[in-house]
Amino acid sequence: MIGAVGAKTIGGVNNIGRFARFVWQSMIASFRSCLSPCTYPLIWTQMHIIGVRSVPVVMITGAFVGMTLAVQAYDQLAGMGLEEHLGVLINISVVKELGPVLAAVMLAGRIGGALTAELGTMNVTEQIDAVRSMGTDPVRYLAAPRVLACLLLTPFLIIFADLMGIIGGYFVSVVVLGINSRAYWNFSASGVELWDVSIGVVKGFFFGVALAAISCYKGFTCKEGARGVGQACTEAFVASFISILALDFALAVIFKSIYNTFWPLKSLV
Amino acid sequence: MKQDSNQDRTQDGTNDGVIVLRDITKRFGGKVVLDNVSLGIEKGKTTVVIGPSGCGKTVLIKHLIVLLRPNLGQVYYRDQRIDNLSERKLNTIRTHYGFLFQGGALFDSLSVTENIIFPIRQHCEITDWAQVEDLVKAKLAMVGLDGFQNSFPANLSGGQRKRVALARAIALNPEVILYDEPTTGLDPIYSDVISELILKLQRELGVTSVVVTHDMTMAYKVADRIIMLHNGKIIADGDADHIHNHPHPIVQQFIKGQVGEDDLAVLRMSGTASQAQFLPRDFQ
């Protein structure tokens, strides 16, 4: 019993160590890739697969988030005669929290699973060993372009999600529920600051790196066989999802502290 | 010089070679896969490693290029110890090797041409693409597949994939070529084609070859030297005649393809065929 617990603990610590080392290697390799123009085609390819093809799904997610928020919040605010404040509630929720988090979760499902499955299959068919045997660093050739693509494009995808969330919220609030359009935008403009939009976008960098690093690591370390690849995909999604939520919490605390430090009076208002 | 047929060549692994394994032990979990193996690979010769499935042949060949690192022991390439080098330094050493993987390990998303120029693009600045196309054509012609430049691995047969993988392995004109089970999954004719290719590469390019196989027809055809692994140890080492007449019963059993008494005893004890033939309807 004690032995089993000890073995599991040591295994867990080893895994964390290996993952930390992989992330470090990926960061170094990504930095070197940025300085090496011959790797740019690999990065463009991944940007197309990861970024461009994810735009529709992320936009749909954003639109439904905005529309659902409008439907859910309208009754509460209307009961207090504050329905014109619906814009603030929707837009600040979308740009600060729900847009970034749900866009990142959608990406974890769409891209994370695909990255893990692709790299996992390459691993079990010895293609990663083949890359190494030809004197090429597989982290630099396979992981770095994917990490860079996720790092650079997740914030842009979050902007798309935010935009559609705002449009979706406006459509339901103004067109369907009949709130005055001018009041809707006036309250939104007074409540949503550039800071709120910025922190939502900045979160994208962290979410992008987290989901790419986890997915690539799971692919690189996937066990043999179809079951191994399937298990790696599931673990990659679960780990990415939890990491996104944990990072969201940590970043919310950090950004709040920064805001309170630089604008102490605003935070009181 | 013909060696004494009752005398194995390498007992201590101290003989000179382009690649030398010295006292290599490799464990996976608690299982010892290579147990204190010493071996020198001679320059310009073809060394064939034979042994039953799971005896550590692939693990051995991966140690020669340090795709796996030993738990104990050292690996030398041209008198330089390489098992303790960083991956970055190893990448330079590995350009002197070509590796033909068991399943070919071609990149599915790349065409035949892109697969072959992969190592060239990684290590050389390509300025003249026409020259590269000529090179790809020459490499493919060498393995008898000129004209397949624009095909994708998914559209090739098993034998063709192996030959494209071989063309990729020789793309950088390596000094050493490692073949991991090159004839597995191929019919006898394609197996013979691969054997002929190995001989052709050695004859025309003078490369050092290490072939891991359990195909004795191929082993006898291409080998200058045959090594037999069993339970992670080298139990026989010599030329084809030496192995053919080796007194060790496991060597004889393996080269003749005979089942051992131990395996027969397990089969006798593990139930009858009629017991294994019932179906759920028998219960109805």
Side-chain angles (χ1 to χ4, degrees), chain A residues 3 7-8 10-11 14 18 21-22 24-26 28-29 31-33 36-42 44-46 48-50 114-115 117-146 219-221 223-226 229, chain B residues 28-30 58-59 61-62 64-69 85-110 114-127 153-154 161 164-165 168-172 174 176-181:
Chain A
K8 284 237 168 198
I10 291 169
N14 273 339
R18 275 196 288 268
R21 195 175 163 193
F22 180 83
W24 176 248
Q25 286 173 337
S26 301
I28 299 284
F31 181 70
R32 287 201 180 122
S33 295
S36 163
C38 65
T39 59
Y40 290 173
L42 292 171
W44 298 141
T45 306
Q46 290 305 322
H48 179 71
I49 295 167
I50 290 168
L115 287 185
E118 185 185 5
L119 295 176
T121 307
M122 288 185 78
N123 189 20
V124 299
T125 56
E126 295 186 306
Q127 290 178 54
I128 292 181
D129 271 349
V131 172
R132 288 176 69 207
S133 76
M134 287 182 276
T136 300
D137 176 9
V139 174
R140 186 170 180 190
Y141 179 71
L142 296 168
R146 288 161 173 81
F220 269 66
T221 55
K223 290 182 188 134
E224 297 255 319
V229 177
Chain B
F28 290 106
T58 298
V59 173
I61 204 172
K62 285 188 174 176
L64 297 175
I65 190 171
V66 199
L67 287 177
L68 291 173
R69 292 180 193 258
L85 294 181
S86 67
E87 282 290 312
R88 204 162 175 209
K89 286 181 181 161
L90 270 173
N91 284 339
T92 313
I93 303 280
R94 285 177 182 144
T95 57
H96 300 290
Y97 290 73
F99 198 123
L100 176 64
F101 286 85
Q102 193 170 344
L106 293 175
F107 305 127
D108 314 320
S109 54
L110 304 182
E114 288 167 329
N115 265 286
I116 294 171
I117 63 172
F118 177 86
I120 302 169
R121 287 178 90 159
Q122 299 301 312
H123 300 287
C124 313
E125 190 76 33
I126 298 175
T127 48
R161 273 203 286 269
V164 172
R168 185 179 69 180
I170 58 172
L172 289 173
V176 180
I177 305 181
L178 309 175
Y179 303 83
D180 185 13
E181 306 268 14

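Chain letters run A, B, ... following the sequence lines, proteins first and then strands; every chain starts at 1. Remember, it's a predicted structure, so these values are computed and weren't measured experimentally.
Across every non-hydrogen atom of A:T136 and B:H123, the tightest pair is OG1-NE2, 4.0 Å. Minimum interatomic distance between A:T125 and B:A105 (heavy atoms only, all atoms of both residues): O-CB, 3.7 Å. A pairwise comparison of heavy atoms in B:N91 and A:D137 identifies ND2-N, 3.7 Å as the closest pair. Nearest heavy atom pair, residue B:F101 against residue A:A130, reads CE1-CA, 3.4 Å.
No more than 12 heavy-atom neighbours from other residues, nucleotides or ligands sit within 6.0 angstrom of CZ on A:F31. Around the CZ atom of A:R18, the shell of radius 6.0 Å holds more than 12 heavy atoms that belong to other residues, nucleotides or ligands.
Residue B:L178: no heavy atom, backbone or side chain, is found under 4.5 Å from chain A. Using a 4.5 Å cut-off between heavy atoms, B:R88 touches chain A through its side chain atoms alone.
The CD1 atom of A:I128 sits 12.0 Å away from atom CG of B:L67, with the distance rounded to the nearest 0.5 Å. In this structure, the separation between CE on A:M134 and CG on B:N115 is 7.5 Å, given to the nearest 0.5 Å.
Using cut-offs of 30° and 60° for the angle between ring planes, the B:F107 and A:Y141 rings count as tilted.
Heavy-atom pairs under 4.5 Å with chain A peak, among B:D108, B:T95, B:I93, B:V66, at B:D108.
For B:K62 and A:E126, the salt-bridge test passes: some basic side-chain N is under 4.0 Å from an acidic carboxylate O.
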